[in-house]
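Remarks on the structure that follows.
All values below come from the heavy atoms of this structure, side chains included, with hydrogens, waters and symmetry mates left out. Since we're looking at a predicted model, the values are computed, not measured.
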Amino acid sequence: MKLKKLDRRMNGYGDFKYSTTFRRRSQGDLFFQIRNWCWETWGPSCELEFWDQGKNPAWAWAMTEFEIKIYLTGDKEASWFTLKWI
């Protein structure tokens with residue numbers, strides 16, 4: 001698992017600075033562990049698609065058919081994430 005810096009080509013750019021990707025079938029359990037940790041650390045959030053309606057300033061996630069991503073807003077959140085999970 002890697003934390004990637006977003007650029008203009010990627011969903012979430014402008015609102016988020018980093019993302020990490022999970023393969024839906026093989027890394028689902030890890031995604032749920034990390035999402036629960038994000039929830040406990042920064043409070044509840046929602047999927048990226050609805051983030052502008054129920055905004056949590058620190059994080060969000062997105063699901064597609066094949067992968068799941070967690071998005072982090074800035075350097076502080078990325079540092080916490082890295083210390084815990086990478």
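- Rounding to the nearest 0.5 Å gives a distance of 6.0 Å between CD1 of Ile86 and OG1 of Thr20.
- For Tyr18 and Asp75, the side-chain atoms include at least one donor-acceptor pair closer than 3.5 Å.
- A pairwise comparison of heavy atoms in Thr21 and Lys69 identifies OG1-CE, 3.4 Å as the closest pair.
- Atom CD of Glu67 sits in a crowded spot, with more than 12 heavy atoms from other residues, nucleotides or ligands closer than 6.0 Å.
- Ser19 contributes no side-chain N or O that, together with a main-chain N or O of Tyr71, makes up a donor-acceptor pair within less than 3.5 Å.
- No chain of hydrophobic side-chain contacts below 4.5 Å, direct or via other Ile, Leu, Val, Met, Phe, Trp or Tyr residues, connects Met10 to Ile68.
- The two residues Asn56 and Ser45 have their closest heavy-atom pair at CB-OG, 3.5 Å.
- For the atom pair Asp15 CG and Thr73 OG1, the distance stands at 8.0 Å (nearest 0.5 Å).
- Hydrophobic clustering of Ile, Leu, Val, Met, Phe, Trp and Tyr side chains at less than 4.5 Å, counting indirect connections, keeps Leu6 apart from Trp80.
- Residues Leu72 and Ala78 share a closest heavy-atom pair of CD1-CA, 4.0 Å.
- Taking CH2 from Trp85 and CG from Leu3, the interatomic distance works out to 13.5 Å, rounded to the nearest 0.5 Å.
- Ala60 and Phe16 get closest at one heavy-atom pair: CB-CZ, 3.7 Å.
- When all heavy atoms are compared, the tightest approach of Met63 to Glu47 is N-OE1, 4.1 Å.
- Distance CZ/Arg23 to CZ/Phe31: 15.0 Å, rounded to 0.5 Å.
- Put simply, the side chain of Ile34 reaches to within 4.5 Å of the side chain of Phe22, judged on heavy atoms.
- Within 6.0 Å of CG in Asn36 there are more than 12 heavy atoms belonging to other residues, nucleotides or ligands.
- Considering OH of Tyr13 and CG of Asn11, their distance stands at 13.5 Å, rounded to 0.5 Å.
- Residues Trp59 and Trp61 bring their aromatic ring centres within 6.0 Å.
- Between Trp42 and Trp37, the ring centre distance stays below 6.0 Å.
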